[in-house]
Amino acid sequence: MTASHDEDSPLLGADTADRASIRSPSILKPPTEADEEDGPSSPPEFGNIEDDVLPEESVLGRNIDWKSAYIIAISRVIGSGIFAVPGVILTSVGSIGLSLSLWVLGAVVVACGLAVSLEYGCMLPRSGGDKVYLEFTYPWPRYFASTMVAVQAVLLGFTASNCIIFSQYVHFVFDVEPRDFSKKALAVGLLTAITIIHGVWYRAGIRIQNFLGWIKVGLVIFMVFAALYVVIFRPEQKHLEDKPVGLQSWEGLWEGSDWNLGTLATSLFKVFYSYAGLSNLNNVMNEVKDPVRTLRSVSLTALVTACFLYLLANLAYFAVVPIEDIKRSGQLVSALFFERVFGPNVGKRFLPLAVALSAGGNVMVVTFALARLNQEIARAGFLPFSRLLSSSKPFNAPLGGLIVHYIPSVLVIVLPPSSEVYSFILEVEGYPGQVFAVATSIGLLWLRYKRPELKRPFKAWIPAVIFRILLCFALLAAPFFPPSHPKPGGLFYATYAIVGVGILLFGALYWLVWTVLLPRLGGYSLEEKQEVLDDGTAITVLTRPTYVNKPETFERPKISHPVHITDVRGRESEFTLDGNGFQYVPHVAQEKDFVDDEHIKAVYYPETEQLLKDVTGASKIFIFDHTIRREPADKRATTGPGKAPLRGPVNRVHIDQTYSAALSRVPHHLPAEEASELLKGRVQIINVWRPIKTVLRDPLAIAEASSVSEDELVPIPLIYPNRKGETFAVRYSPGHKWYYKSGLTPQEVLLIKCFDSKTDGRARRVPHTAFSDPRTGPDVPKRESIEVRALVFHPEDRD
């Protein structure tokens, strides 16, 4: 498949040869989305995955409420970072003043990044996070963004750092000598246990991580109040042997500061790591209840909570623990804090154990989210054994994604030197992340310019986005500046940056070989084929078509059935929308020519809205597109690159949307809050079909709704390069009752009900198709018509 096919040509329309008979007097093949009007009337110019931006529900269901969503975010943020990183940062930068400044700067940068994630997440409310956003923004080169995200997620999507902190604190609590083997074995054991819990007991895992999340929040708050108690009341601390308490005054706040750019960059990466997780919810949006509203409120609440608690926690450390002790503590600064405040029993045993549990809780939520990301990557066909890794069997949990997450995490725990593994992990995770941060930030600005019509329930502040881009570039360059005081015998100061760049280059090389070189050498092209697994999970398999640049599924079996079609002329009043699913209505339009899209929207849309209100009694109408047909049946003529094709009548029996696809259009076209309210009432999709000239060729036929049973409707998934949709085809039955009106004029319209949310026995949908009347002569002019598609709302009808 090459670009010449355009995005309006589907990569896949499900083959129905063995499960459906599509019938009319002239039947060619199952419907394609653009032909049967389930897509926009013209091909998108840029990155259009209009059906992909619709909310998608996981086969696991929406089980994450606001409280669980908050824990997924805040528990990912409050992990080992605040309990371990402050000591590491102070050791690197040398002074309290510079250390606190980096925490404040990091919070500002993280807030800018969160704004970008929120705009994307509310605009594209689907699981996958950056994978979805980059695929949407950068559709070309084809598969490049997907491949880079897949490589980064698999090779760098690990939770090793918190496993190591868990192990270190457990050894500290029990006064066990932290030998290299025992530390790594305990860390691997924790990761193994959590993988089993999430992979076997899905709901139990959510409850456990919620419980541990609240423990973490409470622990930080408790630590802050403990520090205030020590500073204000100065209790006697005999166990300290008259050692001085921490910071006594603000004098010397900046003493010993190391302003080296490389040092500042590595320290900022550690701050970013401590705040990482604010966008954790973006990875699991398919499982979140009321996803857009929940994402906004949860993310902003978690940001404020984290910033406030982190600043107070740092002040607590500096107020209680001597500065030199903090510098020597490495990752055990919170253990020293608790020991100084509460003594060698409670302070050294119980509270550090709570920190270990906090790190374990962080491992749980990170594993939970990244397993979903890995599952999304497998669903998209970018991992080997994608069918196995995408499935939620056998325990109704993403076990395949958990395994993909488990393997690199174990390797990162086991392979690096134990003394430097923690800092190395934080830095190597952070560096490639800046590249993706630049890509999403620039992409957001590009979409603001190129796609202003997209619904954005949340908008990022543009200066904040620009600031984030500039700082990311600075952080990408900073590691290559040598530090002022290099560690003797340690890793090369830019090792983490070199490893990060190497991973990115590996991803680019993998994409080049897999999607460009091998197809050229083998004389084939990669195409997408959708499959549905036994558990209901929809996946995409990348396959080789039989013919170069032409999908195997583009040509499908043709099945034709002779049918009797009744002319309703003179009996129009017998047919109604609720009784039969269609209705003929006399109506004279102000618009006559239908040649200018903007004029149609300005003049014809309003009069069509009023017509629908008058006929249906609806209180709100939203017209989402229209299609004009002036070509011969099943023909298209392209008017130029990027312009709308000229379409002909569709000789295929179809219904424009399946029930789920129809309902998903409401939150797609309308703001989340309004959509949620409207969905509580009656919702319809009605097509208003009008001849531009009197119809003498290829008239439109409608099958009475009651004559077509539900089990005769066949969902047809349609996969495009950058979007997907779903329509109904129809199994043939001799009991179907077909109708049309001969010589339909521009002074009358046909209302076609494509969807109705009511299930009380009234007509919900009608199959329809153009057909070739055998009595039509060869010189009869081709049909010209326009159909307008509208969402029709009855918010007061909630029974």
Side-chain angles (χ1 to χ4, degrees), residues 57-64 68-69 71-73 75-76 79 127-129 131 150 153-164 166-167 184-213 277 280-288 357 359-414 532-539:
E57 184 170 322
S58 167
V59 295
L60 304 176
R62 294 194 182 275
N63 299 299
I64 301 174
S68 295
I71 289 300
I72 287 174
S75 190
R76 170 67 176 92
S127 289
K131 171 187 175 292
V154 172
L155 296 184
L156 294 179
F158 38 68
T159 54
S161 53
N162 281 287
C163 295
I164 292 165
F166 172 86
S167 179
K184 292 181 176 181
L186 185 56
V188 171
L190 171 70
L191 182 61
T192 303
I194 288 174
T195 300
I196 293 173
I197 290 172
H198 277 318
V200 178
W201 300 288
Y202 168 74
R203 294 182 183 275
I206 292 178
R207 288 194 289 268
I208 293 171
Q209 70 186 25
N210 287 354
F211 173 73
L212 293 177
N280 203 34
L281 195 61
N282 296 60
N283 290 323
V284 296
M285 290 288 280
N286 290 1
E287 299 175 49
V288 178
L357 290 176
N362 183 275
V363 175
M364 288 201 75
V365 295
V366 174
T367 301
F368 179 87
L370 292 184
R372 270 72 182 169
L373 177 58
N374 292 334
Q375 191 178 39
E376 288 301 308
I377 293 170
R379 283 182 59 195
F382 291 95
L383 290 179
F385 312 108
S386 59
R387 293 179 181 85
L388 179 64
L389 298 177
S390 301
S391 176
S392 295
K393 287 188 173 183
F395 303 108
N396 200 31
L399 188 59
L402 289 164
I403 293 172
V404 173
H405 171 264
Y406 178 81
I407 294 172
S409 296
V410 168
L411 293 177
V412 170
I413 291 172
V414 172
V532 179
L533 303 180
D534 293 341
D535 64 351
T537 301
I539 68 170

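If you read the sequence from its start, that first residue is 1, and numbering goes on from there.
Between the CD1 atom in Ile71 and the CG atom in Leu212 there is a gap of 9.5 Å [rounded to 0.5 Å]. Once rounded to the nearest 0.5 Å, the distance linking NE2 of His198 with CD1 of Ile208 reads 8.0 Å.
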Side chain to side chain contact (heavy atoms under 4.5 Å, CB included) assessment of Lys184 paired with Cys163: CA-CA 9 Å; Lys184 292 181 176 181; Cys163 295; over 6 Å; no
Working for side chain to side chain contact (heavy atoms under 4.5 Å, CB included), residues Phe166 and Leu186: CA-CA 8 Å; Phe166 172 86; Leu186 185 56; 4.1 Å; yes
Verify side chain to side chain contact (heavy atoms under 4.5 Å, CB included) between Ser167 and Leu190, making sure each step is shown before the conclusion. CA-CA 8 Å; Ser167 179; Leu190 171 70; over 6 Å; no
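Closest approach of Thr367 to Val363, counting heavy atoms only: OG1-O, 2.6 Å. Scanning all heavy atoms of the two residues, the minimum distance from Ile164 to Ala187 falls at N-CB, 4.1 Å. Nearest heavy-atom pair, Ile197 versus Met364, reported as atom, atom and distance to 0.1 Å: CG2-CE, 4.2 Å. Residue Tyr202 comes nearest to Ala397 through the heavy atom pair CB-CB, 4.0 Å, listed as atom of the first residue, atom of the second, then distance. The minimum heavy-atom distance linking Asn210 with Ser68 is given by the pair ND2-OG, 3.0 Å.
Looking only at side-chain heavy atoms (C-beta outward), Phe368 and Glu287 come within less than 4.5 Å of each other. Looking at Leu389 and Gln375, their side chains never come closer than 4.5 Å, going by heavy atoms from C-beta outward.
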Please table the atom pairs, donor to acceptor, closer than 3.5 Å between any side-chain atom in residues 399-413 and protein atoms at least two apart or in another chain.
{"residue": "Tyr406", "atom": "OH", "partner": "Thr192", "partner atom": "OG1", "Å": "2.7"}
{"residue": "Ser409", "atom": "OG", "partner": "Thr159", "partner atom": "N", "Å": "3.2"}
{"residue": "Ser409", "atom": "OG", "partner": "His405", "partner atom": "O", "Å": "2.9"}

